[in-house]
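Atoms considered below: every heavy atom in the structure, side chains included; atoms not considered: hydrogens, waters and symmetry mates. From a predicted model like this one, the values you see are computed outputs, not experimental measurements.
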Amino acid sequence: MAIPMVTFNNGNKFPILGLGTLAATTDECKNAVRAALDAGYRHIDTAYAYGNEADIGEVLQEYMKAGKLKRSDFFVTTKLWLTYHQPDRVLECLNLSLSKLKLDYVDLFLMHTPCAFEETGNGFIPVRADGKPAFLNLPPEETWTKGMEKAVKLGKAKNIGVSNFTCDQIDRIFKVATIKPVTNQVECHAYFNQADMHRFCQQRGILITSYGSLGSPGRAPAFRKDTDPVLMDDPVITKLAEKYKKSPGQILLRNLTQRNILVIPKSTNPARIKQNMKVFDFKLTDGEMKQIEGINTNHRLFFNDK
């Protein structure tokens with residue numbers, strides 16, 4: 001079954017399900033992308049910060065040269081890193097990504113965070129000599145209007161959006177934007193269902209893209225606590241999985257896509273990649289959707305307070 005498409009606020013179509021690639025590099029990443037494309041995925045989500053754009057670009061070129069895909073057949077998302085928020089550096093970052101991806105344009109370009117940092121050469125998320133974060137006093141709306149929108153006008157990005165933005169930050173963009181963001185990519189899963197954000201975005205014609213959709217069991221130790229609940233072990237989810245003869249992960253993905261939320265589950269396991277795609281041959285009832293809504297605890301899994 002083909003992956004359904006959503007329609008962005010600019011009329012452009014986009015797959016509701018794609019492959020997430022955070023923390024996947026080299027052969028692991030390449031094999032995951034091959035498995036996804038072979039299974040029928042047509043959206044690959046990456047970022048400048050992930051360090052795997054060249055790996056993804058290599059596979060995409062391989063498939064195009066073999067005649068398996070045309071450029072118009074697939075969709076690529078990448079993201080502006082936080083040290084490139086200065087308007088004159090936005091295109092510099094995007095051009096670096098395009099060079100690695102071996103593409104002339106990306107289908108979706110996101111501001112990875114609302115916060116700007118100065119490049120100090122000290123740390124992935126830069127710090128100053130005194131060890132304090134190297135925040136740059138640069139409002140995101142300036143980056144948006146003078147940098148992100150320019151990427152669209154130059155044909156280097158088909159769609160633009162944001163990631164990890166709050167409702168207030170989105171409204172600040174909306175007040176000045178001539179090109180509206182099409183999506184906000186945020187942590188979103190059954191324990192942190194982003195109901196308020198979802199409602200807010202719907203009112204503005206913005207779609208949510210979920211990361212951590214399955215409870216992110218493979219997330220980095222910095223974001224992991226021994227007390228964190230395991231979403232895929234939740235009794236509500238496992239009971240529904242048993243009823244529909246699906247995996248807990250498939251129930252969680254079905255719940256989100258049924259809310260018209262885009263999902264980008266990350267996996268490097270070919271069997272799991274195929275399994276994650278098979279969520280469009282059944283439908284949860286309204287009562288079951290309410291059941292899953294009932295297990296929300298607003299519990300973040302990507303909140304680092306260490």
For [X] and [Y], work out which heavy atoms get closest and say how close.
{"X": "F117", "Y": "P126", "result": "CD2-O, 3.6 Å"}
{"X": "K79", "Y": "C93", "result": "O-SG, 4.5 Å"}
{"X": "G40", "Y": "I3", "result": "O-CD1, 3.8 Å"}
{"X": "L231", "Y": "A190", "result": "CD1-CB, 3.8 Å"}
{"X": "L301", "Y": "G215", "result": "CD1-O, 3.2 Å"}
{"X": "T268", "Y": "A32", "result": "CA-CB, 3.9 Å"}

Could you tell me whether K158 sits above the aromatic face of Y105, with NZ or CZ closer than 6.0 angstrom to the six-membered ring centre and within 45 degrees of the axis?
yes
Only counting residues at least two apart or in another chain, list the ones meeting ring pair (Phe, Tyr, Trp, His ring centres under 6.0 Å) with H43.
F14
Could you check whether any side-chain N or O of [X] sits under 3.5 Å from a backbone N or O of [Y], counting only pairs where one atom can act as donor and the other as acceptor?
{"X": "R272", "Y": "K266", "value": "no"}
{"X": "R254", "Y": "F282", "value": "yes"}
{"X": "T183", "Y": "L207", "value": "yes"}
{"X": "E142", "Y": "P139", "value": "no"}
{"X": "Q275", "Y": "S247", "value": "no"}
{"X": "T77", "Y": "D45", "value": "no"}
{"X": "D55", "Y": "T26", "value": "yes"}
{"X": "N164", "Y": "H112", "value": "yes"}
{"X": "Q194", "Y": "V186", "value": "no"}
{"X": "S210", "Y": "V263", "value": "no"}

Check whether any side-chain heavy atom of P270 sits under 4.5 Å from a side-chain heavy atom of N31, and report yes or no.
no
salt_bridge([X], [Y]) N-O dist < 4.0 Å:
{"X": "E62", "Y": "K30", "result": "no"}
{"X": "K274", "Y": "D38", "result": "no"}
{"X": "E119", "Y": "R89", "result": "no"}
{"X": "K290", "Y": "E293", "result": "yes"}
{"X": "D107", "Y": "R71", "result": "yes"}

Distance in Å, L240 CG paired with I251 CD1, rounded so as to fall on 0.5 Å steps
5.5 Å
Does a sphere of radius 6.0 Å around [atom1] in [X] hold more than 12 heavy atoms from other residues, nucleotides or ligands, not counting ones at 6.0 Å or beyond?
{"X": "D286", "atom1": "CG", "result": "no"}
{"X": "K102", "atom1": "NZ", "result": "yes"}
{"X": "Q202", "atom1": "CD", "result": "yes"}
{"X": "K100", "atom1": "NZ", "result": "yes"}
{"X": "N137", "atom1": "CG", "result": "no"}

Mind checking whether L136 and M148 sit in one hydrophobic cluster, side chains of I, L, V, M, F, W, Y counted as touching below 4.5 Å?
no
Donor + acceptor pair across side chains of E53, S97 (<3.5 Å):
yes
For H198 and N260, does a side-chain donor sit closer than 3.5 Å to a side-chain acceptor?
no
So, using side chain to side chain donor-acceptor pair (under 3.5 Å) as the criterion, who are the partners of N159 when residues are at least two apart?
N10, N12
Please check if the distance between the ring centroids of F174 and W144 is under 6.0 Å.
no
Looking at the rings of Y211 and F302, which for Trp means the six-membered one, are their centres under 6.0 Å apart?
yes
Could you work out, with salt bridge (charged side-chain N to carboxylate O under 4.0 Å, His left out) as the rule, every residue matching D281, not counting sequence neighbours?
K246
For D73, the salt bridge (charged side-chain N to carboxylate O under 4.0 Å, His left out) test, sequence neighbours excluded, returns K70
Supply the members, apart from F192, of the Ile/Leu/Val/Met/Phe/Trp/Tyr cluster built from side-chain contacts under 4.5 Å; use none for a lone residue.
none
Angle class for the Y84/Y48 ring planes (parallel below 30°, perpendicular above 60°, tilted otherwise)?
perpendicular
Mind running side-chain contact (heavy atoms from CB on, under 4.5 Å) on C188 and I261 for me, showing each step along the way?
CA-CA 9 Å; C188 181; I261 291 173; 4.1 Å; yes
Verdict with supporting geometry, T120 and T83, side-chain contact (heavy atoms from CB on, under 4.5 Å):
CA-CA 9 Å; T120 64; T83 54; over 6 Å; no
Evaluate the side-chain contact (heavy atoms from CB on, under 4.5 Å) criterion for residues I44 and F75: first the C-alpha distance (whole Å), next the side-chain angles of each, then the deciding distance (0.1 Å), finally the verdict.
CA-CA 6 Å; I44 308 297; F75 301 76; over 6 Å; no
Please list all pairs passing the salt bridge (Lys or Arg N to Asp or Glu O under 4.0 Å) test where one or both residues lie in residues 161-174, with sequence neighbours left out.
E141-R172, D171-R204
Tested for side-chain contact (heavy atoms from CB on, under 4.5 Å) against T209, the lone hit among V182, L110, I264, V6 is I264
